[in-house]
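Just so we're clear, the structure is a prediction, and the values are computed from it rather than from any experiment. Labels below follow one simple rule: chain letters A, B, ... track the order of the sequence lines, proteins then strands, and each chain is numbered from 1.
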2 protein chains.
Amino acid sequence: MSSPGRPRRATIRDVALEAGVSRGTVSRVLNGEPYVSAQARAAIEAAVAKVGYVPNTAARNLALQRAQAVGFIVHEPHELFLEDPNIGAILLGANRVLSGADQQMVSLVIDSERDSRRVARYLSGGFVDGAVVVSARQNDSLLGAIGRLSIPATLVGRPPSEVRVPWVGIDNRGAACAITEHLVGTGRRRIGMIAAALDRDSGADRLAGFRDALGDRFDERLVVARPLYEYTAGRTAMEELLAREPDVDGVFAASDAVAAGALDALRAAGRRVPEDVGVVGFDDSSWAQRTHPQLTTVHQPARLLGERAAESVLAQLRGEAPEPVGTLLETDVVLRGSA
Amino acid sequence: MSSPGRPRRATIRDVALEAGVSRGTVSRVLNGEPYVSAQARAAIEAAVAKVGYVPNTAARNLALQRAQAVGFIVHEPHELFLEDPNIGAILLGANRVLSGADQQMVSLVIDSERDSRRVARYLSGGFVDGAVVVSARQNDSLLGAIGRLSIPATLVGRPPSEVRVPWVGIDNRGAACAITEHLVGTGRRRIGMIAAALDRDSGADRLAGFRDALGDRFDERLVVARPLYEYTAGRTAMEELLAREPDVDGVFAASDAVAAGALDALRAAGRRVPEDVGVVGFDDSSWAQRTHPQLTTVHQPARLLGERAAESVLAQLRGEAPEPVGTLLETDVVLRGSA
DNA sequence: CTACGTTCTGTGAACGGTCACAGAACTCCC
DNA sequence: GGGAGTTCTGTGACCGTTCACAGAACGTAG
């Protein structure tokens with residue numbers, strides 16, 4: 001629009017002039033309203049084609065006070081955004097639902113505080129009617145902005161407790177319990193866990209689920225913790241666990257990346273998987289199918305998370321009570337070769 | 001904005017009223033213009049804070065005839081979008097540049113003809129001043145729309161020949177030649193290729209580069225082609241190649257996913273990599289570091305592609321001649337364990 | 001004291017649509 | 001032929017900004 005010399009876009013007035021009718025009638029035809037003569041309708045359609053008219057949605061939205069668009073805001077550092085296939089699936093799920101509701105999904109990546117402010121400004125500009133927010137952080141200025149603007153929003157993942165916003169997530173604890181039970185079911189007797197990210201609810205909940213599954217048989221000495229969900233964390237933690245408890249015959253790794261590291265540590269130590277040691281992961285990320293053997297893991301319904309979050313935003317848009325409650329979605333245990 | 005009962009947003013008029021000045025003066029303060037008394041400025045700033053004013057960018061853009069936003073349009077089927085780490089990197093590169101120019105990047109995913117139309121409508125609405133388009137297809141209705149609207153746009157990847165739009169891409173042919181030469185340099189004598197996607201320029205160019213590198217020693221019987229860049233394609237193609245030419249000692253796979261399949265087929269056939277057979281891939285995708293051994297492959301400067309495309313759009317926005325020419329970026333051969 | 005430049009402010013029009021309202025044209029029936 | 005109802009059309013106001021212009025207030029020089 002700012003490019004100099006670009007010819008002016010045709011407006012509804014040009015169409016009206018060309019068709020020999022008024023703006024009002026053109027607007028009626030464009031919006032499919034009744035009470036327009038066949039003659040006028042035909043003339044307007046011809047005129048639209050002739051002058052190459054395309055509606056200016058910005059003007060339309062200004063008049064209608066809505067944007068017909070929903071933001072999809074990803075707040076992740078670069079590495080994770082690239083690494084994590086779940087985000088892509090969430091995005092596509094949200095896109096599917098919003099597309100069905102004829103809403104344009106507009107996705108915005110935040111990777112700095114500056115981005116965060118610009119996005120807040122963007123949201124405030126009436127460009128979007130609502131937002132799906134993925135992995136907001138603690139003390140995220142964006143959440144504050146959303147609250148202030150009272151834009152309908154739904155988070156994917158559990159929000160910091162002080163923020164009252166609807167959210168959808170998975171039951172990390174239940175899923176961790178289920179996959180640990182699978183490990184138990186394959187006859188393992190000495191089951192360890194490589195826990196990670198205990199400072200986040202996902203990490204803590206996965207450990208809690210592991211404990212739930214083992215009950216009395218839970219043994220603290222079989223748990224090794226690491227700060228992040230990383231391949232190398234899994235590798236070193238597995239080495240540590242093997243050194244400490246050589247008779248371990250089952251391992252629940254807090255994520256697939258961690259499990260991949262554990263697998264390589266086991267291979268290096270001459271243990272066979274799954275014959276000597278059963279290994280399970282969490283996430284069903286791209287790691288899971290690229291290890292040897294492939295990982296038995298917990299599948300997150302990532303696409304469904306995106307769909308549900310989008311539906312929640314649409315419901316809020318329809319004026320339905322934005323119950324600020326969380327929804328937990330079910331997960332599946334996916335059986336592959338590693339346990 | 002459509003949610004019923006939501007309190008009306010404060011406008012510039014409310015601020016003016018509160019501060020006891022006119023709209024014009026408020027606008028001047030908001031835009032940092034000179035010729036405003038310190039007194040008025042202070043009163044306005046206080047009023048802004050008091051009424052909680054946030055500018056309505058839609059109205060602002062309508063008046064200014066610009067959006068201060070650039071679209072990032074990804075036209076890929078779901079699977080590829082999730083699979084291909086290059087797209088994420090391109091996105092982040094573009095985001096970096098646009099963010100620096102204080103433009104909001106708005107990314108839009110197209111996965112159906114319906115999406116395509118909606119995105120075209122979105123672009124026409126004055127929401128964005130320009131667009132970066134990733135992997136547009138042949139006969140893509142979107143490219144037509146962009147042409148019609150004469151929106152500044154730059155493609156990532158080579159466009160269909162009949163469309164005159166600036167683009168940036170990589171030299172698939174040169175890179176394929178370089179990595180094949182690496183294979184030759186490791187002393188391989190019977191080098192095969194698993195080609196793929198020969199109907200796209202990337203696939204055809206990679207085969208051409210392979211041929212360039214081998215010259216006289218090119219042997220058609222050592223080439224197996226498959227329609228898509230897929231793991232299973234690599235696996236079956238490698239089996240076919242081994243059956244046909246058991247003495248093959250080097251393989252150039254047209255993508256990392258294909259190479260991963262080939263690797264597994266070689267393992268199943270009892271060949272050691274790289275001792276018996278050297279394998280190289282293309283893309284430097286996440287597959288490359290997760291195979292055993294890790295892949296020697298061609299690294300695409302994906303982030304740079306995104307940056308360049310964004311810069312090109314910004315240049316067009318500044319009114320610089322949108323030379324409809326392509327730019328080829330350099331690629332690197334990354335040496336890992338597989339050859 | 002007047003004329004003039006500088007600094008500051010308010011106003012009306014514009015951006016491109018939608019909508020409510022008024023009224024015209026047409027049909028139908030008495 | 002006139003009144004009532006239905007169908008169709010045009011107009012002015014409005015959405016929330018920016019901008020050009022007119023003009024006010026003030027200081028300074030002649």
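When distances are taken from the side chain of B/Ser27 to each of D/dC15, C/dT9, D/dT18, the shortest belongs to D/dT18. Comparing D/dT18, C/dG17, C/dC19 by their closest approach to the side chain of A/Glu33 singles out C/dC19. Nearest nucleotide to the A/Ser37 side chain, out of D/dC8, C/dT18, C/dT9: D/dC8. Closest approach to the A/Ser22 side chain among C/dC8, D/dG16, D/dT11 is made by D/dT11 (side chain taken as heavy atoms from C-beta onward). Taking the side chain of A/Val21 as heavy atoms from C-beta on, and the options D/dG16, C/dG17, D/dG10, the nearest nucleotide is D/dG10.
Taking the nucleotide of DNA chain C with the nearest heavy atom to each of A/Ala10 and A/Arg28, the more 5' of the two is matched to A/Ala10. Residues A/Arg13 and A/Arg41 both approach DNA chain D. Their nearest nucleotides, taken by heavy-atom distance, put A/Arg41 toward the 5′ side. Take the nearest nucleotide of DNA chain C for B/Pro34 and for B/Ala63: the residue whose nucleotide is more 5' is B/Pro34. Residue order along DNA chain D, read from the 5' end via each residue's closest nucleotide, puts A/Ala38 first among A/Ala38 and A/Gly24.
OP1 or OP2 of C/dC15 has not a single side-chain nitrogen or oxygen of A/Thr11 nearer than 4.0 Å. For D/dT18, one of the phosphate oxygens OP1 or OP2 lies less than 4.0 angstrom from a side-chain nitrogen or oxygen of B/Arg60. Between B/Gln65 and the phosphate of D/dT18, there is no side-chain N or O to OP1/OP2 separation shorter than 4.0 Å.
Summarising the geometry, the separation between CZ on B/Arg9 and C1' on D/dT17 is reported as 14 Å, rounded to the nearest angstrom. A straight line from OH of A/Tyr35 to C1' of C/dG23 spans 16 Å, rounded to a whole angstrom. The separation between B/Leu64 atom CG and D/dT17 atom P is 12 Å, rounded to whole Å. When the P atom of D/dG16 is taken as reference, atom CG of A/Asn61 falls 13 Å away, rounded to whole Å. One atom, CG of A/Asn56, and another, P of D/dT17, lie 17 Å apart when rounded to the nearest Å. In this structure, CG of B/Asp14 is placed 13 Å from C1' of D/dC15, rounded to the nearest angstrom. Atom CG of B/Asn31 and atom P of C/dC8 are 17 Å apart (whole Å). If you take CG of B/Leu62 and P of C/dG17, they are 9 Å apart, rounded to a whole angstrom.
Checking side-chain atoms of A/Asn31 against main-chain N and O of A/Ser27 turns up a donor-acceptor pair under 3.5 Å. The main-chain N or O of B/Val51 is never found under 3.5 Å from a side-chain atom of B/Glu18 such that the two would form a donor-acceptor pair. Within the 3.5 Å criterion, the main-chain N or O of A/Ala69 finds a donor-acceptor partner in the side chain of A/Gln103.
The distance from atom CZ of B/Arg158 to atom CG of B/Leu328, rounded to the nearest 0.5 Å, is 7.0 Å.
The number of heavy atoms from other shown groups lying within 6.0 Å of CD (A/Glu33) is above 12.
In this model, a side-chain donor or acceptor of B/Arg23 finds a partner on the base of D/dT18 within 3.5 Å.
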* Verdict with reasoning, B/Thr154 to B/Gln316, per side-chain contact (heavy atoms from CB on, under 4.5 Å) -> CA-CA 9 Å; B/Thr154 299; B/Gln316 291 180 61; 3.1 Å; yes
